[in-house]
Amino acid sequence: MSRVKKRSWVTQLRRMMQSAREQISTQFHRIPQKARFVIVTFLFSIITTVFVSHFPLSVVPEYRPGEIAKSDVIVPADLMAKDEAHPSGASQIFKHNPYLLRAGEVVTAEKLPLIDAVRRSQIEQRDPKHLGGLLVLILLMNFALYKAAITSQSSRLGPRTGYWVASSAIMIQTLLVRAGMFGAAVLSTSPETMGFANIFEFQLAIPFAACALVLSLLIGSQVALVAGLMSAILVGFISPHGLTISAFALAGSITAIYSVQRYRTRNAVILASASVCAVNVGMGLITLLIANHEWAWQRVAGGVVLCLFGALLTAATASLAIPIYEWLFDILTDMRLLELSNADNPLLRQLAIQTPGTNHHSFMVGMLAEEAAKAIGANVLLARTGCLYHDIGKMAAPNMYIENQKGGPNPHDKVSPLNSVRIITGHVRRGIQMAKDADLPQQIIDFIPQHHGTRVLAYFYHKAKSQSEAGGEAVNMDDFRYPGPKPQSKEAVILMLADGAEASVRSLDEPTPESIRAIIKKIVDSVVADGQLDDSNITMKELTTIRESLINTLISVYHQRISYPGFNPPPEAVGVTEEASEIEKQMAMADVNGIPLQPVSQTNNISQEPQQKRQEPQRAKLRRGQ
């Protein structure tokens with residue numbers, strides 16, 4: 001199969017999966033939100049209850065001596081580990097021979113008490129009171145988990161989505177523990193492995209900390225800590241050794257949560273598992289003391305090896321689960337954001353080639369946004385990555401935007417102001433479509449329309465207004481607004497302010513610290529006065545911090561430098577891009593001040609006499625080496 005055909009098949013498969021996920025999501029969201037929440041919570045709780053309980057699918061029939069066994073009678077793992085539940089001497093039989101009877105064998109009087117013990121245990125596990133109590137307990141735990149998700153400060157996903165991720169992770173964790181307990185029971189009775197360790201030591205190889213590690217990387221330590229505590233409590237119900245193994249699981253979960261903070265490299269999981277490994281070994285020895293097991297060095301060494309293996313399984317499970325959760329719930333981890341911000345990304349590389357001016361502008365805005373996000377504690381990587389993609393829609397018509405015209409003629413001189421607005425605002429619609437075609441996460445796509453909000457393109461509005469005064473026609477301001485929506489997150493607010501700050505400061509003739517401070521203050525005030533921040537949760541204190549961060553960063557960028565004698569451009573070079581820079585300046589000032597400016601005529605943007613007057617100071621500056 002050729003590379004092109006293979007790529008086509010992969011693309012079609014990804015689109016089919018995306019379409020299926022969208023259809024399922026659409027059907028699911030047709031259910032009322034509260035009903036949906038209750039239904040899914042009950043479903044997750046019931047499934048978790050089944051995994052936690054030792055619910056038998058079938059019950060051993062009541063036999064009498066001399067009857068023929070209809071099916072195999074196998075001793076459950078919890079009975080094999082609890083000698084006190086068995087008749088005298090039965091523990092040795094249970095450990096070495098989990099099969100009490102094979103189908104077709106005759107029931108003897110010696111085996112009848114053992115069969116009755118298994119039957120009583122299965123009936124107890126099927127007791128509705130027992131199952132109901134577990135279900136209520138898990139529902140209460142899920143309520144605590146929901147409250148933790150609501151109060152968490154995760155910027156990667158919403159509170160309810162965080163709750164679904166956490167509750168599903170706990171459900172899967174209980175399934176892993178249940179499967180691990182079954183494996184431990186099998187290995188402890190197998191002739192090949194029973195000499196290496198018993199069921200207690202084999203339990204130490206179960207990846208108890210996988211759930212906490214995954215949630216710490218995907219959501220945050222607060223939700224992960226609650227989920228780790230829930231998981232440890234449920235382990236106590238699953239394990240035949242109760243609180244001893246529960247304490248072992250809790251110690252590993254806490255270590256996993258606080259040994260990793262940011263998921264910026266793939267080896268973050270490995271480093272966390274190394275810490276879990278050390279704690280597992282220590283806690284494994286402690287649990288041996290608590291359980292009062294005999295200290296046979298062979299079993300102690302086997303327990304240490306199994307603790308190490310459990311830490312490795314934790315890392316493997318987390319490495320497998322994280323990409324799946326990223327895809328299912330559109331979670332933007334730090335690692336995913338770093339991949340998207342790579343300059344070798346096809347969309348960013350295309351942006352750099354087709355629209356170099358926009359690419360440089362996006363890079364500068366990203367730098368400003370990164371410092372501002374650090375200042376207020378927002379998601380730095382999300383803000384910077386959103387800046388890199390916020391203007392990708394301009395690739396459809398690069399020359400219609402001033403930063404890509406390279407001093408050439410302005411195409412907007414030949415179209416009406418209203419058509420110019422439609423062209424410029426069209427980059428939002430085109431950018432969203434390009435982002436969806438590139439399978440960008442929704443959080444990144446949201447930056448494209450939100451960084452403009454519903455602001456007015458003041459330059460074209462005032463140009464249309466002055467043109468319509470002669471004909472007496474009215475101009476509707478709403479026709480000159482971006483489609484929106486307004487910024488919904490702190491990162492989108494930072495992008496809106498950084499975008500306006502970078503463009504306006506670039507239009508200044510002399511970007512002195514005083515002029516930079518004045519123009520950025522005007523930008524922030526105009527954005528607030530226009531109500532663009534009404535839908536965000538940003539505070540006035542954070543807004544002031546963002547403004548000061550933008551000012552300080554731009555002052556550092558536009559620092560003064562001495563002139564280099566003999567390297568000044570010739571005077572004839574002055575005025576080559578005067579006209580384009582003047583248009584850029586007028587557009588920036590219109591957005592900042594929101595006041596009518598003298599519109600540029602369609603034939604000659606700036607009259608010859610004023611243009612010469614403006615060129616003289618520029619020529620003088622260049623002659624002085626400035």
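Quick note: residue numbers are just sequence positions, from 1.
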Q. Does some side-chain heavy atom of Arg349 sit less than 4.5 Å from a side-chain heavy atom of Ile353?
A. yes
**Message:** Between Phe480 and Phe460, is the ring centroid distance below 6.0 Å?
**Reply:** no
NZ (Lys522) and OG (Ser504) are apart, to the nearest 0.5 Å, by 10.5 Å
Under the side chain to side chain contact (heavy atoms under 4.5 Å, CB included) rule, what do Lys521 and Arg547 come out as? Steps first, then yes or no, please. CA-CA 7 Å; Lys521 188 176 183 303; Arg547 183 189 67 193; 4.3 Å; yes
Atom pairs and distances, donor-acceptor, side-chain atoms in residues 356-364, under 3.5 Å, two or more places apart:
residue, atom, partner, partner atom, Å
Thr358, OG1, Glu403, OE2, 2.9
Thr358, OG1, Asn404, ND2, 2.9
His361, ND1, Glu502, OE1, 2.7
His361, NE2, Asp499, OD1, 2.6
Ser362, OG, Thr358, O, 2.9

query: Where the side chain of Tyr461 meets the backbone of Val475, is there a donor-acceptor pair that is under 3.5 Å apart?
result: no
Met434 and Gly393 have their tightest heavy-atom pair at SD-CA, 4.1 Å
Tested for side chain to side chain contact (heavy atoms under 4.5 Å, CB included) against Leu217, the lone hit among Leu215, Leu213, Ile219, Val214 is Leu213
Minimal heavy-atom distance between Cys387 and Leu495, with the atoms involved, is SG-CD1, 3.4 Å
inquiry  = Show, in sequence, the C-alpha distance, side-chain angles and deciding distance for Arg455 and Lys486, and conclude whether the side chain to side chain contact (heavy atoms under 4.5 Å, CB included) test is met.
reply    = CA-CA 9 Å; Arg455 298 193 70 188; Lys486 298 176 181 178; over 6 Å; no
Output, in order, the C-alpha distance, side-chain angles, deciding distance and verdict of side chain to side chain contact (heavy atoms under 4.5 Å, CB included) for Met367 and Val557. CA-CA 10 Å; Met367 181 187 66; Val557 171; 3.5 Å; yes
Side chain to side chain donor-acceptor pair (under 3.5 Å) filter on Gln354, not counting sequence neighbours, yields none
Check your understanding: Would you say Arg384's side chain and Glu370's backbone share a donor-acceptor pair under 3.5 angstrom?
Key -> no
Practice problem: Give a yes or no answer on whether the side chain of Tyr325 reaches the backbone of Ala169 with a donor-acceptor pair at less than 3.5 Å. | Solution: yes
CG (Asp525) and CG (Leu543) are apart, to the nearest 0.5 Å, by 8.5 Å
CE of Met400 to CD1 of Ile423, rounded to nearest 0.5 Å, is 3.5 Å
Short N-O contact, Lys394 and Asp391, less than 4.0 angstrom = yes
Scanning both residues in full, the closest heavy-atom pair of Pro487 with Gln450 reads CG-O, 3.4 Å
Yes or no on side chain to side chain contact (heavy atoms under 4.5 Å, CB included) for Leu382 and Ile444, after CA distance, side-chain angles and deciding distance? CA-CA 8 Å; Leu382 178 61; Ile444 300 298; 3.9 Å; yes
- Message: Check Arg336 with Glu326, please: is the shortest side-chain N to carboxylate O separation under 4.0 Å?
- Response: no
If we ignore hydrogens and angles and just use 3.5 Å, is the side chain of Ser216 paired with the main-chain N or O of Ala212 as donor and acceptor?
no
Notebook entry, point to check: Quick one: does Ser526's side chain have a donor or acceptor within less than 3.5 Å of a partner on Ile523's backbone?
Noted result: yes
Quick check against the 3.5 Å criterion: does Ser341 have a side-chain atom that pairs as donor or acceptor with the backbone of Leu337? yes
(message) Could you check whether Ser515 and Glu510, counting side-chain N and O atoms only, form a donor-acceptor pair closer than 3.5 Å?
(response) no
Nearest heavy-atom approach of Ala501 to Leu550 is CB-CD1, 4.3 Å
Charged N-O contact under 4.0 Å between Asp530 and Arg481:
yes
> Got Asp439 and Lys436 here, is their nearest side-chain heavy-atom distance under 4.5 Å?
Replying inline: no
query: Looking only at side chains, do Ser536 and Gln488 share a donor and an acceptor under 3.5 Å apart?
result: no
Rounding to 0.5 Å, atoms CD1 (Ile551) and CD1 (Ile519) come to a distance of 11.0 Å
Between the CG atom in Asp446 and the OG atom in Ser489, the distance rounded to the nearest 0.5 Å is 7.5 Å
Taking atom types as modelled and ignoring hydrogens, do the side chains of Asn552 and Glu548 form a donor-acceptor contact shorter than 3.5 angstrom? no
Next on the checklist: Any side-chain to backbone donor/acceptor pair from His452 onto Pro449? Under 3.5 Å, distance only.
Outcome noted: no
Check your understanding: When the ring centroid of Phe37 is compared with that of Trp164, is the distance short of 6.0 Å?
Key -> yes
Taken to the nearest 0.5 Å, the spacing of Leu225 CG from Tyr258 OH works out to 4.5 Å
Any non-hydrogen side-chain atom of Leu497 less than 4.5 Å from a side-chain atom of Val527?
yes
Closest non-hydrogen atoms of Val269 and Ser319, given as atom of the first, atom of the second and distance, are CG1-OG, 3.7 Å
Is the closest side-chain donor-acceptor distance between Tyr163 and Thr41 under 3.5 Å? yes
